[in-house]
J.: 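Before we start, here is the structure in question, set down as structure tokens.
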There are 2 protein chains.
Amino acid sequence: MHKPGPEMEIVHLLRAVTVELGLHTARFANRNGMHPTDVRALIALMDASRAGEEMTAGRLGAALGINSAGTTALVDRLERAGHVRRVRGERDRRKVVIEVSEEAVELGWAHFGPLIGRAVELLRGYDERELASIRGFLGGVREAAAQGD
Amino acid sequence: MHKPGPEMEIVHLLRAVTVELGLHTARFANRNGMHPTDVRALIALMDASRAGEEMTAGRLGAALGINSAGTTALVDRLERAGHVRRVRGERDRRKVVIEVSEEAVELGWAHFGPLIGRAVELLRGYDERELASIRGFLGGVREAAAQGD
DNA sequence: AACAAGTATCTCGCCGAGCGAGATAATAGG
DNA sequence: CCTATTATCTCGCTCGGCGAGATACTTGTT
């Protein structure tokens, strides 16, 4: 019916990885009385912070694929738990900038640190050409998955 | 604070890929009046079918990280939509074997086919050593993420 | 064989995440 | 200024998933 091909093994492996990472995230969420969405939000916030960008409520909701009502509830939840702070935008006072608390960053590192460490360790075992192929494949899949919004 | 390192770029890229694939799955779910969990369930079912294994309600719930009540509701939903069939276990009549309908398989291929095709195309551009490094990295991350259940 | 213990699924009642619709507040453009 | 636009929030609601416990079938024990 479909030709198997040795490439399919890697495709299925990639999917298996995303499933496993999803479950890993869900465990972190459960252990801290949070929901998967809350964790995804914190990750998005830390990403923005690392890139030196401000994350507003609207952009956060868009990044997670939930609407404005859901986003407000999400930020309420995170704020109530002390994971984020709401800060009114300085230049545009309609906006609400969301800042991650130091405590949430540490909580995240405690759980995801070992996994990240292991991944970095694995990557150290490859030479530049191998790293380039990994980078190229992941980048290509990301682009392909982003098509058709 | 943290040493950046060129490896971190790939770690963040992998995370970006999982985020993008998650959104891609959510779009498929929305367009077909389903929820992300339903799609994850169908994928798990097709995986099992491809591996020639029977998937029961209990194993499905475990694979998705939801409890038995939620699993029953999930299977009800999928059955109502015509995506799966319930079949009483032959040997052990307590079990309920879940079978995916041909129609659901085609629906999935219509949406995920192009993405899978693009991934395979990308992989064809690498030689055996490069494929081995991609396989090795993904396999290693999967194992690392599976630790600590 | 009959009974207890174990296992797989289902039912019931409930909580709360996320949605649609629309209100409110701030900015931008003519 | 007055209107259109943008950003967030409020309200009411639906329904996915949970905990507790019921039900049905299987397996081990005596």
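Per chain, numbering begins at 1; letters A, B, ... match sequence-line order. The figures here come from the full heavy-atom set of this structure, side chains too, leaving out hydrogens, waters and symmetry mates. Since the structure is predicted, the reported quantities are computational estimates derived from the model, not experimental observations.
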J.: Identify whether any heavy atom of B/Arg91 sits under 4.0 Å from a base atom; if not, whether one sits that close to sugar-phosphate; answer base, sugar-phosphate or nothing.
T.: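 Here B/Arg91 touches the backbone only, sparing every base.
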
J.: Starting at atom CG of B/Asp76, determine the distance to atom C1' of C/dC10, rounded to an integer number of angstrom.
T.: 9 Å

J.: Any side-chain heavy atom of A/Arg129 sitting closer than 4.5 Å to one from B/Asp127?
T.: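 Yes, close enough: below the 4.5 Å cut-off.
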
J.: Distances for protein N/O vs nucleotides 17-22 of chain D N/O pairs under 3.5 angstrom?
T.:
unit_1: D/dG17; atom_1: OP1; unit_2: B/Thr37; atom_2: OG1; d: 2.4
unit_1: D/dG17; atom_1: OP2; unit_2: B/Arg77; atom_2: NH2; d: 3.0
unit_1: D/dC18; atom_1: OP2; unit_2: B/Asn67; atom_2: N; d: 2.9
unit_1: D/dC18; atom_1: OP2; unit_2: B/Asn67; atom_2: OD1; d: 3.2
unit_1: D/dG19; atom_1: N7; unit_2: B/Asn67; atom_2: ND2; d: 3.3

J.: On DNA chain C, nearest-nucleotide positions of B/Gly58 versus A/Asp92: which is more 5'?
T.: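 Here B/Gly58 is the residue nearer the 5' end.
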
J.: Could you state the atom-to-atom distance from CZ of B/Arg88 to C1' of D/dC25 in whole Å?
T.: 9 Å

J.: Measure the distance from CD on B/Glu90 to P on C/dA8 and round it to the nearest whole Å.
T.: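 So the two atoms are 18 Å apart, to the nearest Å.
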
J.: Could you state the atom-to-atom distance from CG of B/Leu78 to P of D/dG16 in whole Å?
T.: 10 Å

J.: Taking the basic N atoms (NZ, or NE/NH1/NH2) and the acidic carboxylate oxygens, is any pair closer than 4.0 Å for B/Arg142 and A/Glu20?
T.: no

J.: Please say which of B/Arg88, B/Arg94, B/Lys95 ends up in a side-chain hydrogen bond (donor to acceptor under 3.5 Å, both in side chains) with B/Asp92.
T.: B/Arg94

J.: What is the distance, rounded to the nearest whole Å, between atom CZ of A/Arg93 and atom P of C/dA28?
T.: 13 Å

J.: Please answer: with hydrophobic residues joined when any side-chain heavy atoms are less than 4.5 Å apart, are A/Val96 and A/Met55 in the same cluster?
T.: yes

J.: Consider side chain to side chain contact (heavy atoms under 4.5 Å, CB included). Of A/Leu21, A/Val17, A/Val141, which one does B/Val17 pass it with?
T.: A/Val141

J.: Quick one: A/Leu64 CG to C/dA17 P, roughly how many Å, whole number?
T.: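 Between P of C/dA17 and CG of A/Leu64: 14 Å.
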
J.: Hey, is CZ on B/Arg50 packed in by over 12 heavy atoms from elsewhere, all under 6.0 Å?
T.: yes

J.: Would you mind telling me which of B/Glu9, B/Glu7, B/Met8 makes a side chain to side chain contact (heavy atoms under 4.5 Å, CB included) with A/Leu123?
T.: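 By the side chain to side chain contact (heavy atoms under 4.5 Å, CB included) criterion, A/Leu123 pairs with just one of B/Glu9, B/Glu7, B/Met8: B/Glu7.
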
J.: Report the distance from atom CD of B/Glu79 to atom C1' of C/dT9, rounded to the nearest whole Å.
T.: 13 Å

J.: For the side chain of A/Arg94, starting at C-beta, report the closest nucleotide among D/dC25, D/dT6, D/dT8.
T.: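 Taking heavy atoms from C-beta onward, the closest nucleotide is D/dT6.
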
J.: Provide, to the nearest angstrom, the distance between the CZ atom belonging to A/Arg59 and the C1' atom belonging to D/dT8.
T.: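 That distance rounds to 16 Å.
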
J.: So, is B/Arg86 near the phosphate of C/dT9, with a side-chain N or O under 4.0 Å from OP1 or OP2?
T.: no

